[in-house]
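First comes the structure, then the notes that go with it.
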There are 2 protein chains.
Amino acid sequence: MNEKEGLNTIEDRGEFLDEETLFIVSQTFKALSEPTRIKILYLLSKGEYSVNEIAEKLSLQQTTVSHQLRFLKNLRLVKFRREKTTLFYSCDDEHVMDLLKQTIDHARHH
Amino acid sequence: MNEKEGLNTIEDRGEFLDEETLFIVSQTFKALSEPTRIKILYLLSKGEYSVNEIAEKLSLQQTTVSHQLRFLKNLRLVKFRREKTTLFYSCDDEHVMDLLKQTIDHARHH
DNA sequence: ACAATATATGAACATATATTAATATAATAA
DNA sequence: TTATTATATTAATATATGTTCATATATTGT
């Protein structure tokens, strides 16, 4: 059978991930796995934009943008500030933006 | 400088991603966005394992593992070598494994 | 050839999720 | 107050996708 079992406990976290880590990791990558969200995050990496500005610049419907911003806000990847009736969204997670930039650079070098 | 269209080509790539980059990026993150695939990749980051070993260690069905390995193989994230009737799978993309490790570390720091 | 073992494949099913349409809320201005 | 603007929400729909079941393929050993 498997002569390795029983040895990989305690100090060595071994070959398995605990459920909570697994959940956070999968959620993080899921946020970055859809073209619409990638476009939004990439745009926001260049600056702060209102919902309507995002929709116009990316040729998306306002409601689509609003839904995806809620998704990203729930994961605390974006934040917003209000100015009268307008909400300006911006990035709120350096690590995740870094993952995105790394992967875009990597993809562009093929 | 950034008055709408026309100027943000070449040196400044601007606020938009080309379709091909967008596709590669989304596929890459999609690979890392599902718990089963994360478990498999994390296990493979520790060494080389056969399909049945992966299934046993992770308490997954053989067919599930086989399907997900095909997914990962299509994206060239894993490779395999044959030894008699057994296929030993291992990681084949340093950059993607690095993304995974970074994100696991980040998640574990809460 | 046959049996045994390891892995892959295709179809069916269930679930997840992105988008849309319609409507609601909230803030501001007149 | 009413109208206007900006954004959010709910429900419906369509599509994508992960898992399972049944079966197929491929390699090795007898």
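Order of the sequence lines sets the chain letters (A, B, ...), proteins ahead of strands, with each chain counted from 1.
DNA chain C is contacted by both B:E53 and A:T64; B:E53 maps to the nucleotide lying nearer its 5′ end (nearest heavy atom per residue). Taking for each of A:Q61 and B:Q62 the nucleotide of DNA chain C with the nearest heavy atom, the 5'-most of the two is the partner of B:Q62. Where B:K30 and A:R70 each meet DNA chain D at their nearest nucleotide, the meeting point lying more 5' is that of A:R70.
To the nearest angstrom, C1' of D:dA16 lies 13 Å from CZ of A:R37. What separates CD of B:Q68 from P of C:dT7 is a distance of 16 Å, to the nearest Å. Atom CD1 of B:I54 and atom P of D:dT19 are 14 Å apart (whole Å). Atom CZ in B:F71 sits about 16 Å away from atom P in C:dA8, given to the nearest Å.
By the 4.0 Å N-to-carboxylate-O rule, A:E34 lies close enough to B:K30 to be salt-bridged with it.
Phosphate contact (OP1/OP2 of C:dT7, side-chain N/O of B:N52, threshold under 4.0 Å): present.
In this structure a side-chain-to-backbone donor-acceptor pair under 3.5 Å is present from B:T28 to B:I24. Looking at A:S26, its side chain does come within 3.5 Å of a backbone N or O of A:L22 through a donor-acceptor pair.
Neither side chain, A:N52 nor A:E56, offers a donor N or O lying under 3.5 Å from an acceptor on the other.
Geometrically, A:R37 engages A:F71 in a cation-pi contact, judged by NZ or CZ lying under 6.0 Å from the ring centre and within 45° of the ring axis.
The stretch residues 72-90 of chain B touches DNA chain D through B:R82, B:K84, B:T85, each having a heavy atom under 4.0 angstrom from the strand.
Cluster annotation: B:F88 and B:I54 are assigned to distinct hydrophobic clusters (Ile/Leu/Val/Met/Phe/Trp/Tyr, side-chain heavy-atom contacts under 4.5 Å, transitive).
Partner B:D92 forms a salt bridge (charged side-chain N to carboxylate O under 4.0 Å, His left out) with one of B:R81, B:R76, B:K79 and no other, that one being B:K79.
Residue contacts shown for A:E34 are limited to sugar-phosphate atoms, with no base heavy atom under 4.0 Å away.
Between the side chain of B:H67 and the base of D:dT17, no donor-acceptor pair under 3.5 Å is found. Residue-to-nucleotide contacts include a donor-acceptor pair under 3.5 Å from the side chain of B:T63 to the base of C:dT9.
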